[in-house]
2 protein chains.
Amino acid sequence: MKPRGRGGAADPESTRSALLEAGTHVFAERGFKGATADLIARRARANKAMINYHFGSKKGLYQAILTATFSEMAARFRGIRATDRPAPEQLRQFVALFAEFAQAHPSFPVMFIREVLSGGEHMRREEFVTLLTVFTQVRDAVEQGMREGTLRKLNPLLTHFSLMGALCFFFIVEPFRRRAFREAGLDVPAPEAADFVAHMQELVTRGLAADAPARRKS
Amino acid sequence: MKPRGRGGAADPESTRSALLEAGTHVFAERGFKGATADLIARRARANKAMINYHFGSKKGLYQAILTATFSEMAARFRGIRATDRPAPEQLRQFVALFAEFAQAHPSFPVMFIREVLSGGEHMRREEFVTLLTVFTQVRDAVEQGMREGTLRKLNPLLTHFSLMGALCFFFIVEPFRRRAFREAGLDVPAPEAADFVAHMQELVTRGLAADAPARRKS
DNA sequence: GTCTATAGGCTGATAGAC
DNA sequence: GTCTATCAGCCTATAGAC
């Protein structure tokens, strides 16, 4: 095993995984178009031609990354849904899980939002199907909560969008936030992910709960 | 006045405004890099060279658009803050205003999120300062609410991020949502902006309100 | 002010040696 | 499997006619 610097690979098979790691980083940072094959290859200590050899094309590499990331995310959401806790607790866990995943894979929210902006331009049916699993877990939890009487009447899609939107935004905004405050001369401490998770969990708990039943009536 | 098709211009001065309109559309749709000067010029029924003549460069046109959009947005937020309603009511109005603005200017949330992703790559201090006005209005309302006792203890920045993130996401996700559901064979009705506004207002009202004071204690 | 033509730079994919 | 060299395409910005 010939050691290399960050992300590099020498032995035959691991050129492939080095390209996956490098691609993840560069695609997230610069978008599909902005990420040049040369940049990805150099970061993987490999060569432009290797991308086409291993993945067919730049787009092929991109899709391989999306599939791997989305699959892992979806599997974890299913894991939470499988515990049969009350719905509000499951929603709080979705929030915590998303944050944990986004911290372990910082490129996930970035690549996801980039795809959203392009209308899923570089995605195949396969990636859409995997991704929708995440929504269906949230939808099912919300519907469970409405049946249980633990959640008020909610639109599952709108509930999902408000959680997903807020969470993604938090995890993509930090570089922008830092620069915006610096340029405008405003000094606000960098927000901690843990604090945001607590904020969102509190918002979910209070904001989505069923109304307390009217005391001694009916 | 020679009439032209959508967005076109003939008379001397309005080539400029036709380029602004066309640029807004094309930049939102394809991003800064993806929007070619030729595409913008054709939509404005003008010529590539006109972009450089009127705005110095493609980036100059882009910044002119950002400045105009952000300024209008910021001015409206200040307008709400100027009414001295209770904080929760102001937050509900921020939500409604954002939605109204996003519907009138569909490219605003898209261009904003694109800039967020790039870390503000194409923005000057001027645009950052204008944009931060929006945050400071929300921050001030939250602080007012905590003083008034109408809002619970909140971090203004996290509150702002959760609102902004959810709202932006809703207004950028529709094309992606449509395609995702179609490809995955899932049939969910297209969400209405008005319903989402109601959802977010309810979430804010219930989720951020101060706890009811303990009855007859102290 | 507006246009055409083009210079100059960059990029994805491939051919072909090893 | 990996690399170098190269081709063909696309893009911004500008020069210069009108």
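Excluded from the calculations below are hydrogen atoms, water molecules and symmetry mates; all remaining heavy atoms, backbone and side chain alike, are included. In what follows, chains are A, B, ... by sequence order, proteins preceding strands, each numbered from 1.
In this structure, A/Phe169 and B/Phe161 have perpendicular ring planes: the angle between them is above 60°, well past the 30° mark.
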Intermediate values then yes/no, side-chain contact (heavy atoms from CB on, under 4.5 Å), B/Phe98 and B/Val95 = CA-CA 5 Å; B/Phe98 187 99; B/Val95 169; 6.0 Å; no
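B/Lys33 places its NZ atom 13 Å from the C1' atom of D/dC10, with the value rounded to the nearest Å. Going from atom CG of A/Leu19 over to atom P of C/dA13 covers 13 Å, rounded to whole Å. Taking atom CG on A/Asp38 and atom P on C/dA13, their separation rounds to 13 Å, with Å as the unit. Spacing between atom CZ of B/Phe55 and atom C1' of D/dT12 amounts to 17 Å, rounded to whole angstrom units. Rounded to whole angstrom, the span from the CG atom of A/Asn47 across to the C1' atom of C/dG16 amounts to 13 Å. Summarising the geometry, the separation between CZ on A/Arg42 and P on C/dG12 is reported as 12 Å, rounded to the nearest angstrom. Look at CD1 on B/Ile40: it is 16 Å from P on C/dT2, rounded to the nearest Å. Atom CZ of B/Arg45 is separated from atom P of C/dT2 by 15 Å (rounded to the nearest Å).
Nearest nucleotide to the B/Thr36 side chain, out of C/dA13, D/dT2, D/dC11: D/dC11. Set against D/dT12, C/dG12, C/dT2, the side chain of A/Lys58 has C/dG12 as its closest nucleotide. With distances taken from any side-chain atom of A/Thr15 to the nucleotides D/dT2, D/dT14, C/dT2, the minimum falls on D/dT2. Checking C/dT14, C/dC3, D/dC3 against every side-chain atom of B/Ala46, the shortest atom distance belongs to C/dC3.
Contact annotation for A/Ala35: backbone-only contact, meaning every heavy-atom pair under 4.0 Å involves sugar-phosphate atoms and none involves a base. Base contact: B/Ala49 has a heavy atom under 4.0 Å from a base atom.
When side chains are defined from C-beta on, B/Phe112 does not count as touching B/Phe171, because their heavy atoms never get closer than 4.5 Å. B/Asp187 has its side chain out of reach of B/Phe181: every pair of non-hydrogen atoms, C-beta onward, lies at least 4.5 Å apart.
Between B/Arg43 and B/Glu21 a salt bridge is recorded (basic side-chain N to carboxylate O distance below 4.0 Å).
Where A/Ser57 and B/Lys48 meet DNA chain C, the nucleotide closest to each residue was compared, and B/Lys48 sits on the side nearer the 5' end.
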